[in-house]
Amino acid sequence: MERGSRELIRDMNTSLILQTIIEEGALSRADLAKQLHFSKATVSAIVQSLIERKLVRETGNGSSEIGRKPILWEYEKKSVKV
């Protein structure tokens, strides 16, 4: 079995995160980590790269009964050129 490079794995993880945000709507980084079984650090790094590429944007805060409220991220529809 051929092993993937770090770049390939990161690209696949980025695609999974972006696809999940598009399909599920606004999600927090913690929600993404839990749903995709990724570490929070991995999700944070990938979401940061998606923000820099203007593919996702902050949409507000989610609800939380304890601790600080999570920041929600959604797909930036303006990033698609028609």
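- Atom OG of Ser15 sits about 9.5 Å away from atom CD1 of Ile22, to the nearest 0.5 Å.
- Counting heavy atoms from C-beta outward, Ile71 and Arg29 have side chains that stay 4.5 Å or more apart.
- Taking the side-chain contact (heavy atoms from CB on, under 4.5 Å) definition, one finds that Thr20 meets it with Glu24, Leu27, Leu32, Gln35, Leu36, sequence neighbours left out.
- Between Ile21 and Tyr75, the closest heavy-atom pair is CG2-N, 3.4 Å.
- Of all non-hydrogen atoms in Ala33 and Lys40, the two that sit nearest each other are CB-CG, 3.9 Å.
- In this structure, Leu72 is not a member of the same hydrophobic cluster as Leu18, with clusters built from ILVMFWY side-chain heavy atoms closer than 4.5 Å.
- The heavy-atom pair separating Arg10 from Ala45 by the smallest distance is NH2-O, 3.6 Å.
- Interatomic distance, Glu76 CD to Lys54 NZ, rounded to the nearest 0.5 Å: 9.0 Å.
- Residue Trp73 holds its CH2 atom at 4.5 Å from CD of Glu58, rounded to the nearest 0.5 Å.
- Side chains of Ile51 and Gln48 form a contact here, defined as non-hydrogen atoms less than 4.5 Å apart.
- Distance CD1/Ile17 to OG1/Thr42: 7.5 Å, rounded to 0.5 Å.
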